[in-house]
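Numbering of ligands and ligand atoms starts at 1, following listing order. Note: hydrogens, waters and symmetry copies are ignored here, and every other heavy atom, side chains too, is used. Please read all numbers here as calculations on a predicted model, not as lab measurements.
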Amino acid sequence: MKKQLLIAGWCILLSTLGATGQVTLQHLLTENLVNPLGINVTATPRFSWQLASSQRNVQQAAWEIKVTAGKTVAWNSGKITSNQSVQVPYAGSALQPATKYSWQVRVWDTSGHVTPWSALASFQTALATPADWKAQWITPGFTEDAADRPAILYRKSFTLPKKVRTATAYLTAHGMYEAQINGKRVGDAYLTPGWTSYNKRLQYQAYDVTPLLVNGPNAIGVTVGNGWYRGYLAWSGNKNSWGSDAALLMQLVITYTDGSTKNFITDSTWRTSTGPIRYDEIYHGETVDTRLEKKGWDSTGFNDAEWSGVQTADFSKEVLVSTYNEPVKKHETFKPIKVLTTPDGKTVLDFGQNLVGWVMVKAKGNSGDSIVIKHAEVLDKYGNFYTENLRAAKATATYILDGKEERTLEPHFTFFGFRYILVEGYPGEINPDNFTAVALYSDMQPTGSFTCSQPLLNQLQHNIQWGQRGNFLDVPTDCPQRDERLGWTGDAQAFSRTATFNFGVNNFFAKWLKDVAADQKADGSVPYVIPNVLGPNAGGSTGWADVCTILPWNMYLAYGDKRILEDQYNSMKAWVGYMQTQSKNDLWQTGFHFGDWLFYRPFDDNDGKAAVTDKYLIAQCFYAHSTQLLVNAAKQLGKTEDAATYGELLQKIKAAFVKEYLTPNGRLVSGTQTAYVLALQFDMLPEALRAQAADRLVQNIKDYRNHLTTGFLGTPYLCHVLNRFGYTDIAYNLLLQETYPSWLYPVKMGATTIWERWDGQKPDSTFQTPGMNSFNHYAYGAIGDWMYRVIAGLDTYEDGPGYKHIKIQPHPGGNLTNAAATLQTYYGTVSSGWTINGTDITLDAEIPANTTADIYLPASSESTITESGIALSAQKDVQVTTTSDDQYVVIKAGSGKYHFVISARK
Ligand code: BGC
């Protein structure tokens with residue numbers, strides 16, 4: 001009763017405090033993107049905006065949106081009473097394909113003030129149906145060199161008789177493409193059209209090419225490399241995963257200033273040849289022979305009489321989808337920090353950071369000089385260049401010079417995971433200035449930061465973020481360097497929550513999840529890797545396949561994106577259905593499973609405390625977890641019948657677990673950290689047996705002298721479970737452990753990314769087995785989520801996902817004297833940072849407009865707390881609700897920046 005009164009009082013407080021100052025609107029997004037091109041017209045675009053104000057407790061009470069296409073009003077919503085400011089669906093007249101729309105919004109706050117109309121934002125729709133594609137697929141009219149498969153050049157000249165008002169190029173390929181118009185690059189995206197399950201979903205990109213065109217003669221040139229479509233992928237010489245052609249499809253839609261329109265399309269009139277790119281493979285690299293350049297081939301006036309014609313092909317257009325995620329772009333650049341001559345006499349450049357991308361090389365030499373650049377992540381114990389862990393990947397860029405002017409060379413249709421390069425054949429002295437490494441990754445917005453007083457943890461955070469950069473290259477990959485680089489589902493689910501803190505990954509994962517669903521088998525089994533290149537039977541592993549439930553739910557939590565739940569719901573249900581059919585008496589004990597992949601092994605004979613966890617015990621836990629997430633999704637989507645049905649199933653799964661894997665006294669048949677972690681995290685145990693199970697987990701950790709032994713499946717939840725059961729101190733011990741297995745051991749060894757294995761490189765600098773030893777594998781970086789949510793205490797509640805209802809609950813500990821996290825949410829900046837000053841602790845928090853927060857202040861009594869110098873009891877901007885467990889005073893706050901001081905902390 002008391003609580004209800006408090007909350008009612010809080011609501012009144014929010015509405016009466018309302019903003020008196022000016023509220024402005026900023027950061028307008030359509031489908032989570034700034035002014036996107038190529039929005040799917042049938043999917044009802046959604047709009048988001050941020051309210052900005054220097055006042056506290058600003059809440060939106062109503063909004064109004066106007067959408068226009070030229071002079072036509074497509075939607076005038078009128079004033080809608082609602083506090084929704086994120087992902088508001090368009091509800092105007094039917095959207096037209098290939099059309100640019102502008103929109104703006106104004107809002108009323110809870111004290112009745114209306115903002116001025118926002119600045120204009122825009123979005124442009126995609127081609128709607130296959131019939132809107134007038135272009136034809138084209139392939140080379142010559143017989144390709146089947147061994148090396150040089151990249152294909154396609155070209156076309158055409159004349160524009162009138163002045164162009166707008167021009168949009170829609171482009172895709174079987175392979176990877178790069179396009180030029182009149183000698184200038186189209187867009188700044190790389191490795192396009194990106195990677196999807198091409199036989200079901202092939203993305204095309206839309207580019208505004210208006211500035212590239214001229215009145216009169218024009219020319220287009222497009223190079224198509226092998227890419228994921230037909231290049232080598234996975235193992236045993238596997239290539240042509242989706243086809244053996246290098247086809248191109250392009251439609252240029254032009255609107256002249258007089259309003260008339262014209263399409264220029266790929267068709268039988270295009271010309272084709274090969275050029276300087278003699279070889280391009282994702283794993284093996286690229287060979288560019290600049291002597292074979294066809295100067296001016298992508299401009300007007302080039303004589304293509306010698307070139308071949310093209311063949312038109314009737315490849316599917318049904319599979320075409322407009323790109324939904326951010327494309328791969330160039331990001332940070334690095335200069336070598338050292339030029340080394342290794343003990344075995346090689347010239348090696350060290351860029352100081354393990355990154356994914358390539359090196360741009362400036363060079364001038366004689367015709368025929370060949371510069372060979374090899375890539376490696378590490379040097380061996382002697383200081384020599386080490387590539388054994390790349391397995392069969394040659395990871396080599398070769399440039400053959402034409403003897404003309406100095407130029408900068410780079411590859412096009414490959415990428416490398418490296419910190420070091422080995423350079424051979426460079427003409428003249430190696431000058432570090434001539435070498436620039438550039439990181440390529442999906443153009444996700446950086447959203448999060450975590451810093452604290454412990455430099456090793458800051459480096460760990462750096463490594464987690466670089467692991468994410470390197471492995472978010474259109475799909476979430478396991479690793480970026482060896483002959484693998486696949487969308488491993490287990491890795492992605494393990495890291496997904498952490499990923500949402502560091503970068504905006506809503507669209508990135510929404511796109512990939514569509515491929516998860518597309519490649520899911522009819523029986524509900526989900527492949528190990530997406531896009532699936534490992535064959536129809538490579539699927540159904542516990543903890544891997546569960547990506548199809550875990551990821552949508554994590555995206556819903558992090559972004560409040562209900563559409564992901566809607567879109568993925570059938571896929572979630574199908575996977576749970578699969579596990580049901582595999583189970584007997586609700587117990588799932590069949591099939592192949594990777595288990596707690598790469599858990600730590602050395603003490604396996606340690607008095608029965610081996611770290612090997614029964615794979616079927618793990619399967620039962622994830623069966624329950626996926627079922628729970630399906631129930632959650634069903635509830636959010638109003639599917640009450642499903643929620644009830646699967647709720648019952650969940651109880652049976654847990655009962656079966658208890659019967660099979662738990663002794664009456666509460667010991668699990670696998671006594672491992674992972675077994676206890678999963679059983680506790682997913683609430684598999686009866687309430688009464690949970691505390692003692694947590695004690696057993698702690699005892700196990702102590703037996704390993706404060707070391708973890710968990711693999712891919714246990715690690716993400718380990719510290720969360722400890723924290724939940726009151727062992728935050730033990731979680732800190734694990735986190736701050738510097739000897740392996742631990743998160744900080746690689747940091748101490750100089751890592752700049754997260755390693756695949758806890759002991760990838762031993763203290764004596766020898767390596768783990770080269771067959772499985774990546775130095776850029778993000779899975780163990782899943783601890784990042786704990787650092788944000790628990791150490792800094794920045795979290796969202798499920799009842800207001802996407803940080804509409806924020807939870808701030810710092811957990812000082814581990815001898816840290818400060819920690820702070822910030823997150824750019826769709827509402828604006830959320831931050832939480834604490835500092836210990838003697839017996840005082842300060843907490844600074846920022847809560848964006850149109851959200852509310854519960855802030856947990858680490859104090860046993862309200863009387864020890866001030867906010868901005870005012871005693872908490874006198875501070876009218878916030879509302880004290882409860883004092884929890886003598887550990888925290890809990891307050892409710894609206895938007896604003898808050899500075900709390902808690903004195904005489906216990
Ligand atoms: C990958 C992993 C993946 C695993 C599954 C490895 O080769 O690199 O990260 O999850 O296989 O077994």
Side-chain angles (χ1 to χ4, degrees), residues 195 228 232-236 238 282-283 354 356 377-378 388-393 395 415-417 463-464 467-468 470-473 475-496 498-499 512 515-516 519 525-535 537-548 550-551 591-601 611-613 615 618-619 622 674 710-717 741 746 751 753-760 767-783:
W195 193 10
W228 294 282
Y232 287 98
L233 270 187
W235 312 287
S236 315
N238 175 63
I282 290 169
Y283 294 162
N354 194 353
V356 176
E377 296 183 288
V378 284
E388 254 184 277
N389 68 325
L390 306 190
R391 304 193 306 216
F415 57 89
F416 308 103
N463 296 1
I464 294 170
Q468 182 164 356
N471 284 297
F472 277 53
L473 196 96
V475 304
T477 57
D478 59 330
C479 61
Q481 72 297 77
R482 67 185 180 212
D483 56 345
E484 189 149 7
R485 316 185 197 185
L486 303 176
W488 279 97
T489 47
D491 310 40
Q493 70 81 3
F495 187 67
S496 57
T498 298
W512 187 66
D515 292 302
V516 170
D519 277 350
S525 173
V526 176
Y528 303 150
V529 299
I530 301 291
N532 184 14
V533 288
L534 300 183
N537 297 324
S541 171
T542 194
W544 269 248
D546 300 275
V547 77
C548 74
I550 294 171
L551 243 178
F592 167 80
H593 301 285
F594 293 111
D596 191 27
W597 191 247
L598 298 185
F599 63 86
Y600 194 70
R601 284 179 183 264
V612 190
T613 311
K615 289 183 180 173
I618 296 176
F622 276 93
T674 288
T710 50
F712 278 25
L713 297 183
T715 301
Y717 307 114
T753 37
I754 299 293
W755 294 354
E756 177 174 25
R757 312 182 78 122
W758 295 120
D759 57 347
F767 293 119
Q768 257 282 6
T769 162
M772 283 276 301
N773 201 18
S774 144
F775 291 94
N776 196 357
H777 233 74
Y778 54 52
Y780 287 143
I783 186 65

Quiz item: With a 4.0 Å cut-off on heavy atoms, is Arg485 touching ligand 1?
Solution: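 No heavy atom of Arg485 comes that close to ligand 1.
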
Quick test: of every protein heavy atom, which one is nearest to [atom], and how far off is it to 0.1 Å?
| atom | result |
| --- | --- |
| atom 5 (C) of ligand 1 | Trp488 CZ3, 3.4 Å |
| atom 6 (C) of ligand 1 | Glu484 OE2, 3.5 Å |
| atom 4 (C) of ligand 1 | Trp597 NE1, 3.5 Å |
| atom 2 (C) of ligand 1 | Asp491 OD2, 3.5 Å |

Quiz item: If you measure from CG on Leu598 to CD on Glu756, what distance do you get to the nearest 0.5 Å?
Solution: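 These two atoms lie 5.5 Å from each other.
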
Flag, side chain of [X] to backbone of [Y], donor-acceptor distance under 3.5 Å:
| X | Y | answer |
| --- | --- | --- |
| Arg391 | Glu388 | no |
| Asn471 | Asn776 | yes |
| Asp596 | Thr710 | no |

Quiz prompt | Residues which pass ring pair (Phe, Tyr, Trp, His ring centres under 6.0 Å) with Tyr528, listed by chain and number, not counting sequence neighbours | solution =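 Applying ring pair (Phe, Tyr, Trp, His ring centres under 6.0 Å) to Tyr528 gives Phe594.
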
Within a distance under 4.0 Å of any heavy atom of [X], pick out the atoms of ligand 1 and give their elements.
| X | value |
| --- | --- |
| Glu756 | 8 (O) |
| Phe712 | 9 (O) |
| Asp478 | 1 (C), 8 (O), 9 (O) |

Quiz prompt | Under-4.0 Å heavy-atom contact with ligand 1, by part of Tyr528 that carries it | solution =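 Looking at Tyr528 and ligand 1, no heavy atom falls under 4.0 Å.
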
Practice problem: Quickly, which of Val356, Ile464, Asn354 forms a side-chain contact (heavy atoms from CB on, under 4.5 Å) with Thr753? Name it, please. | Solution: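 When Val356, Ile464, Asn354 are each tested with Thr753, the side-chain contact (heavy atoms from CB on, under 4.5 Å) holds only for Asn354.
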
Quiz item: Where does the angle between the aromatic ring planes of Phe712 and Trp544 fall among parallel (under 30°), tilted (30 to 60°) and perpendicular (over 60°)?
Solution: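 The arrangement is parallel - the two ring planes meet at less than 30°.
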
